[in-house]
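Atom set for the values below is all heavy atoms of this structure, side chains included, hydrogens, waters and symmetry mates excluded.
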Amino acid sequence: MAQTAEKFLLSRLSRAGFAGLIIIAIASALLGDPLMSAVAAAAAGVVISGRNFHPARKKQPWPAIQRLFFVVATGLTLSAFLLGPWSMTYWLYAVPLIAFALFQPVIAASLSLAVCVLVMAGTQWMTGLPDRHQLVSAFLLTLMLSGLLVFLREYKNRQLAPFDARTS
C-alpha cells in the first residue's frame with residue numbers, strides 16, 4: 001500500500017515539477033535570459049524522461065536520455081557559475097541530490113566531488129560576488145545532506161528487501 005502511495009505521489013510531483021520548469025524556461029526566454037531558459041528546459045528533460053513521469057520509461061533508452069539531460073543541465077549551470085550570471089548558482093545545490101538519484105553511488109559521488117571542487121575553485125575568482133564564501137559552505141552542507149539522504153534511502157531499501165522478495 002505504501003508503494004502505491006509513493007508511486008502516485010511521485011507521479012504527481014514529477015508532473016508538477018515538469019510544469020514548473022517549463023514555466024521557468026518560457027519566462028526566462030521571454031525575459032531575455034537564454035542560459036536560464038536552457039537550464040530549466042534541460043531540467044524539465046530530466047523530469048519528463050524519468051520513470052516517475054511515466055512507468056514505461058524504466059527501460060532503455062530513457063535512463064540514458066535522463067542522464068544526458070542531467071549532464072547538459074549541470075554543464076550549463078557550471079558555465080553560468082564560472083562565466084556569469086551568478087544568480088544561477090542556486091541550481092548547483094540540486095546537482096548532488098539528483099546525481100545520487102540517477103547514477104550509481106560511486107559515479108554520483110565522483111561527479112558531486114568534481115562539481116564541489118569546481119565550485120570551491122570558482123569562488124576564488126568571483127570578486128564581484130560578496131556572498132561567495134557563503135556559497136561554498138551552503139554547497140558543502142547540501143552535499144552532506146544529500147549523502148545522508150542517500151544513506152537513508154539505501155538503508156530503507158536494504159530493510160525492505162526481504163518483504164519485496166516475498167511479494168514477488
Side-chain angles (χ1 to χ4, degrees), residues 10 13-14 16-18 20-29 31-53 57-58 60-158:
L10 289 176
L13 287 174
S14 65
F18 174 73
L21 288 167
I22 290 297
I23 290 170
I24 291 171
I26 292 170
S28 297
L31 293 172
D33 193 354
L35 190 55
M36 176 75 80
S37 181
V39 170
V46 170
V47 173
I48 199 169
S49 60
R51 66 178 182 260
N52 292 324
F53 195 85
R57 299 206 172 126
K58 290 180 184 178
Q60 289 294 345
W62 290 107
I65 292 170
Q66 187 178 34
R67 290 181 186 118
L68 179 65
F69 275 124
F70 172 73
V71 169
V72 168
T74 302
L76 289 171
T77 305
L78 281 172
S79 70
F81 171 70
L82 296 172
L83 304 173
W86 294 321
S87 62
M88 291 183 56
T89 57
Y90 300 107
W91 289 81
L92 287 172
Y93 295 132
V95 169
L97 192 57
I98 296 171
F100 279 108
L102 295 180
F103 296 98
Q104 296 295 324
V106 173
I107 296 170
S110 301
L111 195 119
S112 297
L113 182 64
V115 170
C116 184
V117 167
L118 286 172
V119 166
M120 290 172 63
T123 55
Q124 299 305 312
W125 292 282
M126 294 178 131
T127 56
L129 189 63
D131 58 345
R132 67 184 186 263
H133 301 293
Q134 293 174 351
L135 173 74
V136 172
S137 60
F139 186 77
L140 291 174
L141 179 63
T142 304
L143 188 62
M144 290 187 328
L145 289 173
S146 297
L148 178 66
L149 289 173
V150 169
F151 171 77
L152 291 174
R153 180 190 69 188
E154 295 300 318
Y155 185 72
K156 178 195 83 152
N157 287 341
R158 281 194 305 262

Could you please spell out the steps behind the side chain to side chain contact (heavy atoms under 4.5 Å, CB included) verdict for Ser37 and Asp33?
CA-CA 6 Å; Ser37 181; Asp33 193 354; over 6 Å; no

Minimum heavy-atom distance Ala42-Val72, with the two atoms named
CB-CG1, 4.2 Å

In Å, rounded to the nearest 0.5 Å, how long is the span from CZ of Phe139 to CE of Met120?
10.0 Å

What one should report as the nearest heavy-atom pair of Leu21 and Ala40 is O-CB, 3.6 Å

Sequence neighbours excluded and cut-off under 3.5 Å, please list the side-chain donor-acceptor pairs for residues 102-118, or say none.
unit_1 : atom_1 : unit_2 : atom_2 : d
Ser110 : OG     : Val106 : O      : 2.9
Ser112 : OG     : Ala108 : O      : 2.9

Between atom CG of Leu92 and atom OG1 of Thr74, what is the distance when rounded to the nearest 0.5 Å?
8.0 Å

As an exercise, state the distance from CG of Leu143 to CG of Leu97, rounded to the nearest 0.5 Å.
10.5 Å

Between Arg158 and Phe151 the two heavy atoms that sit nearest each other are NH2-CE1, 4.5 Å

Here the pair of heavy atoms bringing Trp91 nearest to Met36 is NE1-SD, 3.2 Å

Search all heavy atoms of Ala44 against all heavy atoms of Phe18 and return the closest pair with its distance.
O-CD1, 3.5 Å

Could you tell me the separation between the CZ atom of Arg67 and the CH2 atom of Trp62, rounded to the nearest 0.5 Å?
14.0 Å

Less than 4.5 Å apart, side chain to side chain, heavy atoms only: is that true for Val95 and Phe70?
yes

Could you measure the distance from the CD1 atom of Ile22 to the CD1 atom of Ile26? Nearest 0.5 Å is fine.
6.0 Å

Within a 6.0 Å radius of atom CZ on Arg51, are there more than 12 heavy atoms belonging to other residues, nucleotides or ligands?
no

Just how far is it from atom CD1 of Ile65 to atom CD1 of Ile48, taken to the nearest 0.5 Å?
11.0 Å

